[in-house]
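It should be emphasised that the depicted structure is a prediction, and the values quoted were computed from it without experimental measurement. All residue numbers refer to positions in the sequence shown, counting from 1.
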Amino acid sequence: MGNRLSKIYTRTGDAGETGLGDGTRVPKDCLRVESYGTVDELNSSIGLVLASDLPGEIQDCLTRIQHELFDLGGELCMPGYTMIPASYTELAERDLDRFNEHLPPLKDFILPGGSE
């Protein structure tokens, strides 16, 4: 099991700044903060998808991607720290190729909406 957070507040005040993983203070509208927030939102969206009934290989793939996204968020909040190996991209590309190999060529884009 991973580390549990015992509190979710920092008591560092709010002057429009937040702390990165290395202690550096940056504006809350910093691109780095926006980036790891976006990664967290993607991870939450994948969690919603995982709450539905999916084939095991897709569940396994999405669960792995959630862990990789968590690593990406960690890398984004720690300037100069690298956690993401090239194998993450290679695995994602292999999964996409495998899931798409039996599909017909893409002719149209479908916009999300209307139902889950």
Side-chain angles (χ1 to χ4, degrees):
M1 176 181 262
N3 295 327
R4 290 236 180 247
L5 297 175
S6 59
K7 61 181 183 173
I8 58 170
Y9 57 89
T10 61
R11 298 186 59 84
T12 57
D14 188 356
E17 293 184 338
T18 191
L20 298 179
D22 67 352
T24 304
R25 302 295 295 177
V26 296
K28 288 185 177 181
D29 64 355
C30 171
L31 185 58
R32 182 179 294 271
V33 175
E34 172 68 24
S35 297
Y36 65 71
T38 300
V39 169
D40 283 346
E41 289 175 11
L42 174 57
N43 212 335
S44 294
S45 296
I46 291 172
L48 179 60
V49 170
L50 282 168
S52 62
D53 188 28
L54 298 170
E57 68 177 329
I58 293 176
Q59 285 181 341
D60 293 344
C61 176
L62 291 176
T63 299
R64 187 196 77 237
I65 290 171
Q66 279 192 302
H67 288 281
E68 293 169 356
L69 287 171
F70 196 80
D71 290 347
L72 177 58
E75 185 172 307
L76 287 167
C77 87
M78 295 285 290
Y81 189 71
T82 303
M83 296 178 68
I84 307 300
S87 63
Y88 283 11
T89 303
E90 293 161 4
L91 280 170
E93 289 173 348
R94 196 171 337 148
D95 288 337
L96 289 170
D97 289 343
R98 188 176 77 249
F99 292 137
N100 286 319
E101 72 181 308
H102 300 293
L103 296 176
L106 182 63
K107 295 179 183 175
D108 300 302
F109 286 97
I110 299 170
L111 297 175
S115 70
E116 289 180 357

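Contact between Lys28 and Glu17 at its shortest, heavy atoms only, is CE-O, 3.1 Å. Shown here for Tyr36 and Gly19, the closest heavy-atom pair between the two residues is OH-O, 4.3 Å. Minimum interatomic distance between Leu20 and Pro79 (heavy atoms only, all atoms of both residues): CD1-CG, 3.6 Å. The minimum heavy-atom distance linking Pro27 with Val33 is given by the pair O-CG2, 4.1 Å.
Here the options are Ile65, Leu72, Asp71, the test is side-chain contact (heavy atoms from CB on, under 4.5 Å), and the partner is Tyr88; only Asp71 passes.
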(message) side chain to side chain donor-acceptor pair (under 3.5 Å) for Tyr81 and Asp22? Distances and angles first, verdict last.
(response) CA-CA 9 Å; Tyr81 189 71; Asp22 67 352; over 6 Å; no
(message) Using the rule given for salt bridge (charged side-chain N to carboxylate O under 4.0 Å, His left out), can you reason through Asp95 versus Arg98, listing the C-alpha separation, both sets of side-chain angles and the distance that settles it, and then say yes or no?
(response) CA-CA 5 Å; Asp95 288 337; Arg98 188 176 77 249; 3.0 Å; yes
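The CG atom of Leu69 sits 10.0 Å away from the CZ atom of Arg64 when rounded to the nearest 0.5 Å. Atom OG1 of Thr38 sits about 4.0 Å away from atom CD of Glu34, to the nearest 0.5 Å. Interatomic distance, CZ of Arg25 versus SG of Cys30, reported as 12.0 Å (0.5 Å rounding). If you take CD on Glu68 and OG1 on Thr63, they are separated by 11.0 Å, rounding to the nearest 0.5 Å.
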Using atom types as modelled, flag every donor-acceptor pair under 3.5 Å from a side chain in residues 45-61 to any protein atom, sequence neighbours excluded.
residue	atom	partner	partner atom	Å
Ser45	OG	Glu41	O	3.2
Ser52	OG	Val49	O	2.6

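Follow the hydrophobic side-chain contacts under 4.5 Å out from Leu91 and you never reach Val39; the two are in separate clusters.
Residues satisfying the side chain to side chain donor-acceptor pair (under 3.5 Å) criterion with Glu75, sequence neighbours excluded, are absent altogether.
Counting heavy-atom neighbours within 6.0 Å of Ile110 CD1, excluding the residue itself, gives a total of 12 or less. Environment of CZ in Phe70: sparse, with no more than 12 heavy atoms of neighbouring residues, nucleotides or ligands closer than 6.0 Å.
The shortest distance between side-chain heavy atoms of Leu62 and Gln66 does not fall below 4.5 Å. Inter-residue side-chain proximity for Ser35 and Arg32 is flagged as unmet; no heavy-atom pair is nearer than 4.5 Å.
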